[in-house]
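FYI, the numbering just counts along the sequence from 1. No experiment lies behind these values; they were computed from the predicted model shown.
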Amino acid sequence: MKYFIALVHKDGDSAFGISFPDLPSIFSAADIEDDLTASAIEALRLWAEDGALPAPSSYEELMSRSEIRAELSKGAFLARIPFIEDDTRVVRANVTFEKGMLDAIDATAKERGLTRSAFLASAARKDIEAA
């Protein structure tokens, strides 16, 4: 999994603007701070549909850039955004659960019309991206 560092701006009564120093053509926005990560992840995913994302810069590499330091001095802030690359390969994994938990997973997956694997993958993605 990759993490990209986003630069977040907030001017007056505007939405939060989200840009990626490593990916200058990507921009997103969020009306409230709680939606920043989801908006940034969506922007990364959409961009990745058309091509591979580059290796992300480290915090130290970004902080060495004068334009980043200038934006931070104006009130912008950095956010670390997780990016799970979509990969068409399917890999079998053997996992162990307490019986009651497995029953609850299976019942919930069935209610949602999902397989156990699809439900677990979806739940894991949501938890990783919300962290």
Side-chain angles (χ1 to χ4, degrees):
M1 182 168 61
K2 294 179 182 178
Y3 289 89
F4 286 89
I5 297 176
L7 188 62
V8 181
H9 299 88
K10 175 77 167 105
D11 298 322
D13 293 333
S14 70
F16 289 90
I18 307 160
S19 62
F20 293 88
D22 289 331
L23 306 156
S25 61
I26 298 180
F27 182 82
S28 188
D31 290 327
I32 59 172
E33 191 173 357
D34 288 345
D35 293 340
L36 282 171
T37 301
S39 294
I41 289 169
E42 180 181 3
L44 286 173
R45 275 197 195 138
L46 289 172
W47 198 88
E49 287 178 1
D50 294 330
L53 292 170
S57 296
S58 69
Y59 172 79
E60 292 77 17
E61 291 168 330
L62 288 178
M63 290 307 295
S64 71
R65 300 180 193 173
S66 60
E67 67 273 14
I68 300 297
R69 291 192 313 272
E71 291 297 324
L72 294 174
S73 71
K74 294 177 193 173
F77 62 93
L78 300 176
R80 189 170 181 243
I81 308 299
F83 178 72
I84 301 170
E85 294 187 60
D86 289 331
D87 189 337
T88 57
R89 292 179 300 148
V90 176
V91 180
R92 185 182 254 322
N94 184 21
V95 296
T96 304
F97 291 96
E98 183 269 326
K99 172 79 169 98
M101 176 58 70
L102 187 59
D103 290 346
I105 289 168
D106 288 344
T108 304
K110 184 176 179 180
E111 287 173 9
R112 296 180 185 179
L114 299 171
T115 64
R116 178 191 294 161
S117 293
F119 175 75
L120 291 171
S122 174
R125 180 182 289 272
K126 287 176 186 174
D127 193 60
I128 291 167
E129 292 178 350

Single-linkage hydrophobic cluster Phe77~Ile81, side-chain heavy atoms < 4.5 angstrom: yes

Minimal non-hydrogen separation, Tyr59 against Leu78, with atom names: CE1-CD1, 3.8 Å

Heavy-atom closest contact (Ala109 atom, Thr115 atom, distance): CB-O, 3.8 Å

Closest approach of Pro56 to Lys2 (non-hydrogen atoms, all atoms of both residues): CD-CD, 4.1 Å

Between CG on residue Leu62 and CZ on residue Phe4, distance to nearest 0.5 Å: 11.0 Å

Single-linkage hydrophobic cluster, 4.5 Å side-chain cutoff, Phe119 and Val95 together: yes

From CG (Asp103) to OG1 (Thr108), nearest 0.5 Å: 10.5 Å

Side-chain (Ser39) to main-chain (Ala29) donor-acceptor, under 3.5 angstrom: yes

Salt bridge (Lys or Arg N to Asp or Glu O under 4.0 Å) contacts in which one or both residues fall within residues 32-55, not counting sequence neighbours: Arg45-Glu129

Which atom of Glu61 lies closest to which atom of Ser64, heavy atoms considered: O-OG, 2.6 Å

For the student: nearest non-hydrogen atoms of His9 and Ala76, plus distance: CD2-CB, 3.8 Å

Interatomic distance, Leu23 atom CG to Trp47 atom CH2 [nearest 0.5 angstrom]: 5.5 Å

Verify same cluster id: Leu46, Ile41 (apolar side-chain graph, 4.5 Å): no

Any Ser57 side-chain heavy atom under 4.5 Å of Ile5 side chain: no

Non-neighbouring partners of Asp31 that pass side chain to side chain donor-acceptor pair (under 3.5 Å), sequence neighbours left out: none

Check: Pro82 and Thr37 side chains under 4.5 Å, non-hydrogen atoms: yes

Heavy-atom side-chain proximity of Leu53 to Phe20 below 4.5 angstrom: no

Flag for Arg112-Ser122: side-chain donor and acceptor within less than 3.5 Å: no

Salt bridge present between Asp106 and Lys110 (N-O < 4.0 angstrom): no

Joint cluster assignment, Leu44 & Leu7, ILVMFWY side-chain distance < 4.5 Å: no

Non-hydrogen atoms of Ser14 and Asp11 that approach each other most closely: OG-O, 2.6 Å

